[in-house]
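These notes are about the structure you will find just below.
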Amino acid sequence: MSDLPHEPSGDELEGELPTVMDGQIPLSDLLSRIMQAIYAELAELAETMPNMSDSARKRTLADWVVKTKKQVVKLYAVTKWARDAETVQKCMNITAFFMTQNHQFEGAMEGLKYARESLDPARSIILQVSVANEYLTTANIRLRNHDLLTSLDVLTTGSYLRLPTCIAKSLIPVAPLTDSQVTQTFRDMEDVLRYRLRMFEVVPVEMSQYRIGNMLSYTFDS
């Protein structure tokens, strides 16, 4: 019995969507800031209104009530809208996903268009350019030769074997060295250090007695 392909669930598909959080703040922060602003304005009125006349106090209090009511009504509308914030967030994520796909499709179409224009046989003509009242002709623009080596690799091995190593190194993690490889590397570097000290470096007489170990040079008193 062959294994059936795994059918992703709705939660798995939703997890693949990009999360868009630009320009969003928590509802609790919004409530806290508005309440603090209202309380600060009310405390300021409590300090300044006793020095006003009766008509000025009534007018000031009425204006503050009207302005505060508008803010509270807006806050109430935002609070009711926040009940559907999860659904709105999903819609924003889906929209961002489709926009990303659209950009990728446009990039692919531009790449194909550029490839078609660069390899179009109709462009294989002699170009004439007028420079200083003289005509200079360029060589014919011809199609590039077929990549036979790549075709042979794909047909014989089923894979492309000529990928630049810099691409493979950036995508495929390098396997860590084993203990024996690390030990051998240290030994090779110690040999290089011995060779340099004996053949190229001028070692003072006071330091002529030395020993190489653990990638370091130790000197001994004679």
Side-chain angles (χ1 to χ4, degrees), residues 1-9 11-24 26 93 96-121 123-124 127 136 138-222:
M1 181 177 179
S2 60
D3 296 334
L4 297 178
H6 173 66
E7 185 70 21
S9 61
D11 294 337
E12 293 177 348
L13 293 176
E14 184 179 346
E16 297 295 328
L17 296 175
T19 302
V20 180
M21 300 298 294
D22 296 340
Q24 302 186 46
N93 296 342
F97 173 77
F98 284 130
M99 291 180 63
T100 303
Q101 294 291 314
N102 185 46
H103 291 324
Q104 293 177 353
F105 288 143
E106 290 179 352
M109 288 188 295
E110 290 294 332
L112 293 175
K113 181 180 178 181
Y114 174 78
R116 182 182 65 83
E117 291 179 352
S118 61
L119 300 177
D120 190 358
R123 294 180 177 271
S124 300
L127 301 178
L136 301 177
T138 61
N140 291 336
I141 304 175
R142 296 177 299 177
L143 291 174
R144 61 178 297 183
N145 296 329
H146 296 288
D147 192 352
L148 298 180
L149 296 178
T150 302
S151 302
L152 290 175
D153 289 341
V154 174
L155 290 176
T156 55
T157 64
S159 178
Y160 180 62
L161 305 178
R162 304 178 187 275
L163 188 69
T165 56
C166 60
I167 299 178
K169 290 180 179 179
S170 61
L171 298 178
I172 302 176
V174 180
L177 297 176
T178 61
D179 294 341
S180 60
Q181 291 175 334
V182 173
T183 302
Q184 184 60 39
T185 302
F186 279 136
R187 290 176 179 173
D188 294 341
M189 296 180 70
E190 290 174 359
D191 292 339
V192 173
L193 185 59
R194 293 190 186 95
Y195 179 77
R196 178 173 179 177
L197 288 175
R198 294 177 181 177
M199 302 299 296
F200 298 100
E201 300 294 338
V202 179
V203 181
V205 177
E206 293 80 2
M207 301 177 60
S208 59
Q209 300 296 328
Y210 60 85
R211 178 178 63 85
I212 304 298
N214 297 328
M215 293 300 300
L216 297 173
S217 175
Y218 302 93
T219 59
F220 300 94
D221 296 333
S222 57

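- With contacts defined as side-chain heavy-atom distances shorter than 4.5 Å, the pair Glu106/Asn102 qualifies.
- Shown here is Asp188, whose CG atom has more than 12 heavy atoms of other residues, nucleotides or ligands within 6.0 Å.
- In this structure, CG on Leu193 lies 10.0 Å from CZ on Arg198, to the nearest 0.5 angstrom.
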(request) Might you work through the side chain to side chain contact (heavy atoms under 4.5 Å, CB included) test for Arg196 and Val192, ending with a clear yes or no? (result) CA-CA 6 Å; Arg196 178 173 179 177; Val192 173; 5.5 Å; no
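- Atom CG of residue Asp191 and atom CE of residue Met189 lie 11.0 Å apart, to the nearest 0.5 angstrom.
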